[in-house]
Amino acid sequence: MFSVAVCDDDELLCEKIEACLKAYQPQGLVRCESYYSGEKLYADMLRGEAFDLIFLDIELKAMNGVNLGDKIRTELQDEKTHIVYISAKSEYAMELFAVRPLNFLVKPVQERDIINNLEKAMKLSRYYDDYIKFQRGSELYSIAYGEIRYFSTCGRKVEIHTTSKIFDFYGKLDDVQAKTPPGFIRIHKSYLIHEMYVKKWEYEMVVMNRDEQLSISPRYRKAVREMLMKRWREE
């Protein structure tokens with residue numbers, strides 16, 4: 001079951017978002033829980049409560065949405081939970097990239113935006129049901145694609161940069177690329193990145209979520225730009 005939290009001190013907005021998700025609940029696809037403070041949501045997550053998606057208000061009292069998002073990413077080391085920020089002020093948008101939000105919605109929130117972001121999060125979460133498998137010596141490894149930030153090459157080895165550590169194995173990046181699900185993008189002969197962990201796109205480089213800068217080689221710049229333009233038009 002896909003778990004959703006709504007965190008806003010506006011109870012009417014919480015009720016509205018819950019109502020938007022009701023169509024998914026009879027089939028057992030989604031469960032939804034509302035919180036009216038960031039402190040309560042964070043306390044529950046500290047105790048092990050897990051959510052696939054959080055609709056999170058920025059202007060919460062005491063612990064605001066930006067601080068809560070940062071705690072989820074840094075203190076809980078949670079890169080899996082998708083966060084959709086909600087605010088009455090559009091100027092916050094550029095301040096949130098370090099938290100890697102799925103989206104930013106400006107109040108009043110529309111039902112179609114809630115559903116679109118739910119379905120997008122559900123699609124992205126499937127990365128945690130698909131794995132890359134490889135061997136190192138006599139040991140076999142299996143890593144969910146959702147945990148992989150990017151692949152790189154080092155000599156005859158492929159390095160897997162996950163949310164927690166780096167693995168490597170003998171292989172070719174071309175072979176890895178042929179098996180990865182949509183969302184992994186080749187930007188260089190040495191880099192295959194997961195767009196879910198991109199903080200910022202630039203013409204000659206990409207900034208990943210931990211401020212790592214990876215070059216986009218001239219060979220791939222046109223394809224990357226066309227892919228981004230297509231994605232933005234679709235959204």
Side-chain angles (χ1 to χ4, degrees), residues 2 51-56 69-70 72-74 77-85 93-105 113 115-132 134 143-153 158-167 171-235:
F2 195 80
F51 295 99
D52 299 293
L53 171 64
I54 301 173
F55 289 98
L56 180 57
D70 182 65
I72 290 172
R73 296 293 188 238
T74 58
Q77 292 290 296
D78 181 349
E79 295 285 352
K80 181 178 178 181
T81 300
H82 298 292
I83 298 173
V84 173
Y85 276 115
M94 296 305 295
E95 301 175 17
L96 305 175
F97 282 102
V99 180
R100 191 181 55 75
L102 180 69
N103 209 344
F104 176 86
L105 302 179
D113 294 326
I115 298 302
N116 287 345
N117 281 279
L118 170 69
E119 292 180 347
K120 183 176 181 180
M122 293 174 78
K123 180 179 179 181
L124 290 172
S125 293
R126 293 172 190 160
Y127 288 125
Y128 292 90
D129 298 323
D130 196 1
Y131 298 82
I132 182 173
F134 59 94
I143 300 175
Y145 282 109
E147 298 291 336
I148 299 172
R149 301 170 58 244
Y150 65 93
F151 296 92
S152 66
T153 55
V158 173
E159 293 184 338
I160 306 176
H161 299 253
T162 73
T163 56
S164 59
K165 60 188 297 186
I166 299 174
F167 299 87
K172 296 180 180 179
L173 197 57
D174 288 344
D175 295 335
V176 172
Q177 182 179 4
K179 298 178 181 179
T180 53
F184 282 86
I185 302 165
R186 190 72 173 265
I187 63 168
H188 192 282
K189 68 178 182 180
S190 300
Y191 300 123
L192 176 63
I193 66 172
H194 194 170
E195 66 173 333
M196 189 168 73
Y197 293 100
V198 171
K199 179 178 177 181
K200 182 179 181 183
W201 290 97
E202 295 187 2
Y203 181 66
E204 297 183 352
M205 71 173 187
V206 62
V207 181
M208 303 302 288
N209 68 311
R210 294 176 183 171
D211 292 326
E212 292 172 277
Q213 298 180 3
L214 305 179
S215 296
I216 303 175
S217 68
R219 174 184 174 186
Y220 291 95
R221 286 173 191 166
K222 181 180 179 181
V224 168
R225 182 174 178 82
E226 290 176 350
M227 178 275 300
L228 291 174
M229 293 298 290
K230 181 181 179 182
R231 297 280 175 85
W232 290 331
R233 284 196 297 267
E234 290 174 350
E235 292 179 359

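For His194 and Phe184, the ring centers are positioned less than 6.0 Å apart.
You'll find the side chain of Ile187 stays beyond 4.5 Å of the side chain of Tyr150, heavy atoms only. At a threshold of 4.5 Å between non-hydrogen side-chain atoms, the residues Gln213 and Val207 count as touching. In this structure the side chain of Val158 never reaches within 4.5 angstrom of the side chain of Phe134, judged on heavy atoms. Between Met227 and Ile185, some side-chain heavy-atom pair lies under the 4.5 Å cut-off.
No donor-acceptor pair closer than 3.5 Å links the side chain of Glu119 to the backbone N or O of Asn116. Panel note: side chain Arg100, backbone Tyr197; no donor-acceptor pair is recorded below 3.5 Å.
Of the N and O atoms on the side chains of Ser190 and Ser152, not one donor lies less than 3.5 Å from an acceptor on the other residue.
Here the closest non-hydrogen pair linking Phe2 and Ser125 is CE1-OG, 3.5 Å. Nearest approach of Lys189 to Leu173, heavy atoms of both residues: O-CD2, 3.5 Å. Shown here for Val99 and Arg73, the closest heavy-atom pair between the two residues is O-NE, 2.7 Å. Closest approach of Asn117 and Leu102 over heavy atoms only: O-CD2, 3.7 Å. What you find for Leu192 and Arg186 is that their closest heavy atoms are CD1-N, 3.6 Å.
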Working for side-chain contact (heavy atoms from CB on, under 4.5 Å), residues Val84 and Asp113: CA-CA 10 Å; Val84 173; Asp113 294 326; over 6 Å; no

Derivation of the side-chain contact (heavy atoms from CB on, under 4.5 Å) call for Phe151 and Thr180: CA-CA 11 Å; Phe151 296 92; Thr180 53; 3.9 Å; yes

Test log, rule side-chain contact (heavy atoms from CB on, under 4.5 Å), inputs Val198 and Met208: CA-CA 4 Å; Val198 171; Met208 303 302 288; 4.1 Å; yes

Thr163/Glu147 under side chain to side chain donor-acceptor pair (under 3.5 Å): CA gap, chis, key distance, verdict: CA-CA 6 Å; Thr163 56; Glu147 298 291 336; 2.7 Å; yes

Verdict with supporting geometry, Tyr145 and Lys179, side-chain contact (heavy atoms from CB on, under 4.5 Å): CA-CA 11 Å; Tyr145 282 109; Lys179 298 178 181 179; 4.3 Å; yes

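Under 4.0 Å is where a charged nitrogen must lie from a carboxylate oxygen, and between Glu79 and Arg149 no such pair does.
Surrounding CZ of Arg210 are more than 12 heavy atoms belonging to other residues, nucleotides or ligands, all under 6.0 Å away.
Geometrically, Arg221 engages Tyr203 in a cation-pi contact defined by less than 6.0 Å to the ring centre and at most 45° from the axis.
Expressed to the nearest 0.5 Å, how far OG1 of Thr81 lies from CD1 of Ile72 amounts to 6.5 Å.
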